[in-house]
Number of protein chains: 2
Amino acid sequence: MSRYLALRRAMLPTTVVDLAEQVAAAGYKVTGPRLAVLRAIAACAESSFSVHELEQWVQARGESPGVASIFRTVRLLCTLNLVERIHGIEDCHRYCLTNERHGHHLMCTQCGALERFNNCGMQPAIRHLERQTGFQITAHLVGLFGLCPNCVRAGAPSLPGRT
Amino acid sequence: MSRYLALRRAMLPTTVVDLAEQVAAAGYKVTGPRLAVLRAIAACAESSFSVHELEQWVQARGESPGVASIFRTVRLLCTLNLVERIHGIEDCHRYCLTNERHGHHLMCTQCGALERFNNCGMQPAIRHLERQTGFQITAHLVGLFGLCPNCVRAGAPSLPGRT
DNA sequence: AGTCTTGTTGATATATACTATCATTCACGT
DNA sequence: ACGTGAATGATAGTATATATCAACAAGACT
């Protein structure tokens, strides 16, 4: 572990340390701006986030990273499979921390709250379609959308909403 | 049916007439530029298309519609549920004619070829997740990606590709 | 057929998401 | 502590898409 990271480890929540260690392990430097973005992302660990939201988060704390670096960091984390893009009904501009296993998302269209799940039950349909169409299927995308329990209670309209 | 549309009906392939009639039935005018976009879309009826590809198609035929009108027409057809956005792995900037029933897509990441299917087998998983999470699930997104038989034969790389 | 009304168009500007460029800076191995 | 190469911020650029608005034309009405 680098001195810089070691120095900060005690004062950082676990998710940030995890992310930082994986960034370092992949041979990338753990810089101040990058750490700030990791902190912002870790703050959304249980939910989803857009680059714009990360930008507001770091700016609200008076931190340095410019938009370019935030985009760069998100892109880096995507290439490291630590973060992934969420495909919404209307937009595809939100991200979330990657589920460890083969994972999919269930997102609240109102507040962005996120649940993950693994068993999408699509394997039989995929195999059937491969036989039927002759396609070689290499990837699948599954997203569920609706209202989280909180937004149901608050009487939020069910669609359209933030996706 | 309007005089304009009646005049052109004989010389238009069926898909274009279908689309034009639905546009007219919804109370929108069937104008020359709009028809040109419908023709371009009909030319991709069995596949997918981007706005940029539609633009090239109409320009290659020396037709008038500007980019703004192409976007407007695509958006109109989306609101009429005649066209829908395809969510790709990397991008979400392709569209296709809407499947009549509850439908999903299987798209070739190499050439954009499209197959549609209806039985995604997700209903049990959705009901299970509703019980388990308390979410009220109102929409789901399913996309499959791979290589179509032609691109498999041609030895195309399986990913990354156009999505 | 001529006219009117209102939706539609094209040109342009703007918005949003993201990438490229490049001089400066700084993390990390030595 | 130093040197090197990766990372940063500022800025400009690209791609997708929408807003604005004067000019136009489709369809209705006579």
Rounded interatomic separation in angstrom, taking CD1 from A/I86 and C1' from C/dA17
16 Å

Would the base of C/dG7 count as contacting B/R72 through its side chain, where contact means a donor and an acceptor less than 3.5 Å apart?
no

Quick one: is B/T31 getting a side-chain N or O under 4.0 Å of the C/dT8 phosphate, OP1 or OP2?
no

Return the 5'-most residue of the pair B/Y95, B/Y28 with respect to DNA chain D, ranking by each residue's nearest nucleotide.
B/Y95

Could you give me the stems involving DNA chain C, meaning stretches of three or more consecutive Watson-Crick or G-U wobble pairs whose two defining distances are both below 3.5 Å?
C:1-30 with D:1-30

Has A/S47 got a side-chain atom pairing as donor or acceptor with A/L114's backbone, closer than 3.5 angstrom?
no

Indicate yes or no: at least one non-hydrogen side-chain atom of B/E115 is less than 4.5 angstrom from one of B/L144.
no

A/Q59 CD to D/dG9 P: how many Å, rounded?
11 Å

Separation of A/R94 atom CZ from C/dA17 atom P, in whole Å?
11 Å

Compare side-chain N and O positions of B/R85 against OP1 and OP2 of D/dA17 and report whether any pair is under 4.0 Å apart.
yes

Provide, to the nearest angstrom, the distance between the CG atom belonging to A/L76 and the P atom belonging to C/dT19.
12 Å

Indicate yes or no for a side-chain donor-acceptor contact from A/T73 to the backbone of A/S69 under 3.5 Å, with no hydrogens or angles considered.
yes

Using whole Å, report how far NE2 of A/H52 lies from P of C/dA17.
8 Å

Does a side-chain N or O of B/H93 approach OP1 or OP2 of C/dA17 to a distance below 4.0 Å, or not?
no

Measure the CG-CZ distance between A/L141 and A/R85 for me, rounded to the nearest 0.5 Å.
11.0 Å

Could you tell me the separation between the CG atom of A/L106 and the CD1 atom of B/I137, rounded to the nearest 0.5 Å?
4.5 Å

Do other residues, nucleotides or ligands put more than 12 heavy atoms under 6.0 Å from A/E46 CD?
no

Can you tell me how far P of C/dT14 sits from CZ of B/F71, to the nearest Å?
18 Å

Rounded off to whole Å, could you give me the CG-to-P distance for the B/L54 and D/dA15 pair?
17 Å

Contact class for A/S50 (heavy atom, under 4.0 Å): base, sugar-phosphate, or nothing?
nothing

Look only at the side chain of A/Q22 and the backbone of A/L19, and say whether a donor-acceptor pair between them is shorter than 3.5 Å.
no

Considering only heavy side-chain atoms of B/K29, the closest of D/dG27, D/dA17, C/dA17 is D/dG27

Could you tell me the separation between the CD atom of A/E55 and the P atom of D/dA10, rounded to a whole number of Å?
12 Å

Taking OP1 and OP2 of C/dT8, is either one under 4.0 Å from a side-chain nitrogen or oxygen of B/R34?
yes

